[in-house]
Amino acid sequence: MEDIYPSRHAKMAEFLPRLDPVVHGEWNEDAPISRKQATQFERDGYLVLENLFSDDEVMFLQREAGKLLSDPDALEDETVVAEPGSREIRSIFRIHAQSQVVARLAADERLADVARFLLGDDVYIHQSRLNYKPGFQGKEFYWHSDFETWHVEDGMPRMRALSMSVLLAENTPHNGPLMLIPGSHRSFLTCVGETPEDHYRMSLKRQEYGVPDEDSLAELAHKHGIVAPTGKPGSVVIFDCNIMHGSNGNITPFPRANAFLVYNAVSNRLARPFGVEKPRPEFIAARGEPETIAPARGPLTEEVAA
Ligand SMILES: O=C(O)CCC(=O)C(=O)O
């Protein structure tokens with residue numbers, strides 16, 4: 001397969017044109033978001049849906065996140081990632097496969113229908129994770145384009161995927177909310193440097209390869225500015241797979257917990273990685289036959305876990 005987004009090959013970083021649409025679906029009156037929201041997503045590369053889940057649903061999801069965090073021994077070992085230099089949990093991967101509640105959340109029509117519309121296809125979960133940024137201890141996530149990594153290390157062919165960050169704790173300006181560079185999704189910034197074998201073991205804690213160079217990042221930030229959407233639990237931040245994003249550490253006493261669900265178009269399933277020999281493991285990047293999501297209706301309650 002031709003590599004139309006080559007990265008980590010050349011000595012110098014460069015901006016390549018994006019060769020894929022941002023909104024793949026055709027907007028009409030039945031679309032799950034308004035025309036204005038679709039235009040915003042196309043232009044900015046992200047969209048915030050406020051209070052998508054009710055207070056009861058939020059409490060239910062928070063309880064589930066609490067269960068996952070409080071009993072890591074019950075989870076698949078590899079999926080639990082600690083903060084660098086500490087035993088605090090940084091991320092739990094594959095949460096949609098380890099929790100019926102999260103599986104139901106991922107299929108919820110309020111999320112899945114939007115993903116299906118924006119990607120213009122049936123969708124499946126490429127990756128899911130709970131990113132817990134504990135008070136005082138939560139470390140940063142350095143700037144990156146998800147697509148750069150998913151393309152080079154996982155073999156995602158095209159820009160036809162997106163993430164949804166479901167806020168499970170209040171994201172304030174101070175506790176390390178997600179930061180995005182609006183508009184940065186419209187070009188592909190290549191990275192410099194070869195990828196070491198089993199790079200994921202290190203990069204899940206702190207990323208050193210597949211990170212953009214500072215000059216290019218500065219150029220993007222000066223041109224487009226930086227936003228950091230804040231919000232109450234129950235809000236959702238949707239962002240394109242190629243938008244430049246990251247987040248600061250959390251030195252406040254207020255933990256930040258966000259569940260990330262990555263939807264990929266079924267037609268965009270993974271091929272051989274474009275930049276490494278050995279693909280990353282399944283818990284980070286689903287490679288098997290895609291499990292197409294059938295959108296589920298109705299509120300999130302205890303019954304969905306029964
Ligand atoms: O949790 C965050 O603040 C950032 C997460 C992120 O960038 C990622 O999961 O790719």
Side-chain angles (χ1 to χ4, degrees), residues 7 45-46 48 65 68-69 79-84 88-96 102 106 125-135 137-154 156 159 161-182 184-185 189 191 199-212 217 220-221 226-231 233 235-252 254-264 280-281 283-286:
S7 184
Y46 79 99
V48 181
L68 292 170
L69 288 163
T79 64
V80 183
V81 178
E83 290 286 3
E88 290 273 7
I89 294 182
R90 173 174 173 87
S91 300
I92 302 174
F93 279 83
R94 227 164 96 82
I95 47 175
H96 71 293
V102 179
I125 295 294
H126 164 68
Q127 182 191 92
S128 68
R129 66 200 283 189
L130 177 64
N131 277 354
Y132 180 62
K133 228 180 232 184
Q137 302 287 338
K139 300 289 184 297
E140 79 283 355
F141 288 81
Y142 193 68
W143 294 108
H144 62 284
S145 144
D146 287 329
F147 179 76
E148 197 277 342
T149 304
W150 298 342
H151 183 71
V152 172
E153 298 192 31
D154 299 338
M156 183 179 283
M159 295 182 188
L162 54 80
S163 294
M164 296 203 185
S165 169
V166 181
L167 276 47
L168 297 178
E170 181 162 0
N171 282 221
T172 74
H174 314 120
N175 66 354
L178 187 68
M179 298 190 291
L180 304 137
I181 301 188
S184 58
H185 61 301
L189 175 57
C191 295
H199 172 232
Y200 74 92
R201 291 187 198 279
M202 179 177 69
S203 70
L204 300 185
K205 287 176 186 279
R206 183 174 284 139
Q207 185 127 354
E208 282 178 30
Y209 298 84
V211 292
L217 274 176
L220 283 175
I226 296 174
V227 295
T230 55
S235 295
V236 176
V237 182
I238 307 174
F239 55 101
D240 176 76
C241 60
N242 185 45
I243 194 169
M244 199 57 74
H245 65 284
S247 62
N248 285 318
N250 181 12
I251 59 167
T252 76
F254 310 112
R256 191 217 71 167
N258 295 344
F260 286 80
L261 301 166
V262 180
Y263 296 88
N264 190 21
R280 298 194 299 173
F283 79 92
I284 311 177

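The figures that follow rest on heavy atoms only: side chains count, while hydrogens, waters and symmetry mates do not. Whatever order the structure lists ligands and atoms in, that order sets their numbers, starting from 1.
Atom 9 (O) of ligand 1 has its nearest heavy-atom neighbour, among His144, Arg90, Arg129, in Arg129.
With ring centers used as reference points, Tyr263 lies 6.0 Å or more from His126.
Looking at atom 1 (O) of ligand 1, its nearest protein heavy atom turns out to be Arg256 NH2, 2.7 Å.
Heavy-atom distances between Asp146 and ligand 1 reach below 4.0 Å in at least one pair. Not a single heavy atom of Met179 sits under 4.0 Å from any atom of ligand 1.
Those atoms of ligand 1 with a heavy atom of Asn131 less than 4.0 angstrom away are 1 (O), 2 (C), 5 (C), 9 (O). Ligand-side atoms of ligand 1 in range of Phe260: 1 (O), 2 (C), 5 (C), range being under 4.0 angstrom from any heavy atom. Counting the atoms of ligand 1 from 1 in the order shown, those under 4.0 Å from a heavy atom of Ser247 are 2 (C), 3 (O), 4 (C).
Using modelled atom types, no side-chain atom of Lys133 and backbone atom of Asn131 make a donor-acceptor pair closer than 3.5 Å. Counting only distance, with no hydrogens or angles, the side chain of Gln127 and the backbone of Ile284 share a donor-acceptor pair below 3.5 Å. Judged by distance alone, the side chain of Arg280 and the main-chain N or O of Asp154 form no donor-acceptor pair under 3.5 Å.
Stacking of Arg90 on the aromatic ring of Phe141 is recorded, both the 6.0 Å distance cut-off and the 45° axial limit being met.
Taking every heavy atom of both residues into account, Ala169 and Pro255 meet most closely at CB-O, 3.7 Å.
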